[in-house]
Amino acid sequence: MECRKGQMTLEGKHFNVLKFSVNGRNNFHYDGTISNLKFDDGENHVKIGYRTSATGSLQFLEDRAEVSSTGETSNPVYWIPSISEPGIKTSTEIFVMVRKPLLAISNGELVETKDLGDWTEYHWVMDFPHSFYLTSIAVAEFSVFREQVDGVNLEYYLPKGIEEYAWNLESTKRAMEFFSSYTGVRYPFKKYAQVVLYGMNGGMEYITSTHLTWRVIHDKRADVDYSADSLIAHELAHQWFGDLVTTKDWANIWLNEGFATYFQALFTEKDKGTEEFIYDMYTKLKTYLEEYNEYSRPIVSRYYKWADELFDRHTYQKGAMVLHALRSLLGDDEFRKGIRTYLEKHSGKSVDTEDFRKAMEEVSGRDLTQFFDLYVYSAGHPEISVSVQYSGSPTVILEQGQVTYPLDLEIKLVTDSGEEIRHVQFNSPRMELPVPNLKYVCVDPKFNTFVVIHDNQGEELLLAESEDRDIMCRIRSSLSLSKYSDERAIKTLGRLIDDLFWGVSYEVNKPWQSENQGGPRRTLQAYTSKSQGKEGIS
């Protein structure tokens with residue numbers, strides 16, 4: 001490695017060090033956790049021989065003869081002399097020797113396989129610089145399936161005995177084509193492997209070699225209501241956002257997780273349509289609000305004890321909502337150009353939020369300081385209460401919460417004469433819109449804005465709104481109608497239970513479900529944490 005003269009620290013916990021030299025010298029200090037090394041100017045050679053139980057970094061399932069790495073956030077320090085900060089990048093070369101018929105999968109290219117009788121040695125090289133936490137191994141008896149998309153080798157590793165379910169990963173090809181097209185940056189590596197493991201409870205985006213939970217496996221009958229596509233898309237999106245471009249530090253982890261969460265939703269829009277996308281984003285908003293009711297923090301925050309604390313719904317779901325708000329503010333074309341500039345400018349590098357902001361400003365020509373201050377560096381979110389007052393003719397009243405956000409709103413006004421869409425700049429605590437012959441109002445009917453809407457219209461207006469063609473209007477009216485117990489409100493809610501869009505039906509039916517009745521069309525977005533000991537997307 002090329003270095004300046006001075007001292008460097010490597011982390012490695014609970015190693016049994018057998019030999020250690022720097023440029024042939026044995027002058028080092030290791031205290032069981034940290035090694036302090038003295039380097040010369042120029043190229044230096046470090047040789048470390050050690051044994052480790054890998055407790056805390058490798059997961060062993062003896063009954064299934066399966067071994068897999070656990071990467072984020074600092075687990076590599078239990079099996080690799082490394083640096084736990086994500087902004088430090090390195091290339092890797094890994095040799096793994098396993099007993100036949102086991103296979104060993106790692107990052108990058110398999111450059112050599114040696115037959116050693118009862119054993120096989122696998123030699124993997126990942127020459128693209130990456131964070132230590134993105135280094136992986138997976139060992140088990142696998143069946144391998146291969147295909148190509150745009151010159152990229154796709155590899156699917158399934159545990160022996162479940163080969164018939166390889167089709168569960170078929171959305172990978174469509175997602176890769178979409179992300180390459182949308183970002184303007186082709187998938188950046190030669191291969192992309194997905195390894196299905198019994199020891200995983202979610203997914204982990206190791207560079208070129210994602211680990212996936214066995215829960216992606218299901219039959220055709222279950223596929224109607226249960227899909228692995230969201231998890232597959234989320235982890236694949238990380239190859240751009242997290243692997244190609246990586247957060248400098250854990251405080252900015254939303255640059256990995258918020259982006260992968262939003263780009264999964266964009267793939268849903270492409271693959272399944274606009275209504276599925278809108279409901280996906282609405283679900284993300286609700287998921288974030290559940291956590292917000294317990295605590296609130298800025299997305300970028302340095303107040304934490306353990307980095308794992310930051311892998312919460314503010315990072316994932318609120319991060320995705322912020323990107324959605326930014327896309328709505330700039331427009332899809334400028335948003336995509338900004339994403340491309342961000343990826344191309346910082347390819348192979350580590351970034352913070354200011355790098356992303358500057359890329360979006362460069363393309364859009366806008367000053368986005370206020371946007372990032374409000375949405376990323378501050379806690380909370382915009383809220384609007386919608387009501388109608390009558391003094392002669394109806395007047396729509398919009399009131400913001402405690403903090404005033406500059407909002408560009410689309411408002412649907414339905415009157416006896418028909419429907420009108422108004423675009424308004426809402427930059428004050430209160431706004432009044434006189435609307436003669438109003439039948440009902442629906443704010444942000446296409447869910448283009450990151451804002452919590454409290455629909456406080458009267459019952460008659462809510463009943464009319466329940467028949468609107470936009471799913472968000474129907475959902476909001478149903479939530480407000482649930483406060484009423486008269487016959488008309490109950491009949492309307494009963495009709496909405498049979499709504500043509502499943503998400504509306506679920507939102508209406510939810511208050512009446514018992515805890516044991518389950519939920520709708522589950523996707524693997526349900527598994528939302530980093531730890532492999534928990535159910536999680538990473």
field: Atom CZ of Arg146: over 12 foreign heavy atoms under 6.0 Å
entry: yes
field: pair Ile339-Phe241: side-chain heavy atoms closer than 4.5 Å
entry: yes
- prompt: Any idea which heavy atoms bring Ser171 and Asp229 closest together, and the distance?
  reply: OG-OD1, 3.0 Å
query: Any chance the side chains of Asn23 and Asn44 put a donor and an acceptor closer than 3.5 Å?
result: yes
- request: Using a strict 4.0 Å threshold on nitrogen-to-oxygen distance, state whether Asp150 and Arg186 make a salt bridge.
  value: no
- request: Please answer whether the main-chain N or O of Gly117 pairs with a side-chain N or O of Asp115 as donor and acceptor at a distance below 3.5 Å.
  value: yes
message: Is any side-chain heavy atom of Val351 closer than 4.5 Å to one of Thr246?
response: no
task: Go through the side-chain N and O atoms of Asn107 and Thr208 and say whether any donor and acceptor fall under 3.5 Å apart.
output: no
- prompt: Are the side chain of Tyr206 and the backbone of Ile137 linked by a donor-acceptor contact shorter than 3.5 Å?
  reply: no
- request: For Glu205 and His238, indicate whether the former's side chain and the latter's backbone hold a donor-acceptor pair under 3.5 Å.
  value: no
query: Any salt bridge between Glu354 and Arg357, counting N to O under 4.0 Å?
result: yes
task: Assess the side chains of His130 and Thr92: does a donor N or O sit below 3.5 Å from an acceptor N or O?
output: yes
query: Does any donor atom in the side chain of His211 or Gln194 lie under 3.5 Å from an acceptor atom in the other side chain?
result: no
- prompt: Can you find a side-chain donor-acceptor pair between Thr353 and Trp254 that sits under 3.5 Å?
  reply: yes
- request: Consider only side-chain N and O atoms of Tyr156 and Glu147, and report whether a donor and an acceptor are under 3.5 Å apart.
  value: yes
- prompt: Just checking, Arg64 and Tyr198: is the charged tip under 6.0 Å from the six-membered ring centre and within 45° of the axis?
  reply: yes
- line: Shortest non-hydrogen pair, Phe179 vs Ala237, comes out as CE1-N, 3.7 Å
query: Under 3.5 Å, is there a donor-acceptor pair linking the side chains of Thr247 and Asn256?
result: no
- prompt: Do Tyr295 and Glu291 have side-chain N/O donor and acceptor atoms under 3.5 Å apart?
  reply: yes
query: In terms of side-chain heavy atoms, does Thr213 have a donor or acceptor partner in Asn201 at a distance below 3.5 Å?
result: no
- prompt: Would you say the side chains of Tyr292 and Glu294 form a donor-acceptor pair under 3.5 Å?
  reply: no
Polar contact flag, side-chain donor to acceptor under 3.5 angstrom, Trp502-Glu507: no
task: Classify the angle between the aromatic ring planes of Tyr288 and Phe450 as parallel (below 30°), tilted (30 to 60°) or perpendicular (above 60°).
output: perpendicular
task: Output all residues satisfying salt bridge (charged side-chain N to carboxylate O under 4.0 Å, His left out) with Lys345, sequence neighbours left out; order by chain, then residue number.
output: Glu362
- prompt: Any luck finding a side-chain donor-acceptor pair between Lys191 and Gln148 under 3.5 Å?
  reply: no
message: Strictly below 4.0 Å, N to O, side chains only: are Asp40 and Arg25 in salt-bridge contact?
response: yes
query: Do Trp250 and Tyr304 have side-chain heavy atoms sitting under 4.5 Å apart?
result: yes
Pair Glu235, Thr210: side-chain N/O donor-acceptor within cut-off below 3.5 Å: no
message: Both conditions, 6.0 Å and 45 degrees, for the charged tip of Arg336 above the ring of Tyr182: are they met here?
response: yes
query: Considering only heavy atoms from C-beta outward, does the side chain of His123 approach that of Val125 to under 4.5 Å?
result: yes
field: Ring centers of Trp240, Phe259 separated by less than 6.0 Å
entry: no
query: Do Ser82 and Tyr133 have side-chain atoms, one donor and one acceptor, less than 3.5 Å apart?
result: no
message: Can a side-chain donor-acceptor contact be found between Tyr375 and His381 if the only test is distance below 3.5 angstrom?
response: no
message: Tell me every residue that passes ring pair (Phe, Tyr, Trp, His ring centres under 6.0 Å) with Tyr262, counting only those two or more places apart in sequence or in another chain.
response: His324
message: Between Arg313 and Thr261, is there a side-chain donor-acceptor contact under 3.5 Å, judged purely by atom types and distance?
response: no
query: Between Lys114 and Trp119, is NZ or CZ placed under 6.0 angstrom from the six-membered ring centre and within 45° of the ring axis?
result: no
query: Regarding Glu11 and Ser84, is there a side-chain donor-to-acceptor distance under 3.5 Å anywhere?
result: yes
statement: In terms of heavy-atom contacts, Val196 and Val216 come closest through CG2-CG2, 4.0 Å
- prompt: Which heavy atom of Lys13 sits nearest a heavy atom of Thr52, and at what distance?
  reply: O-OG1, 4.4 Å
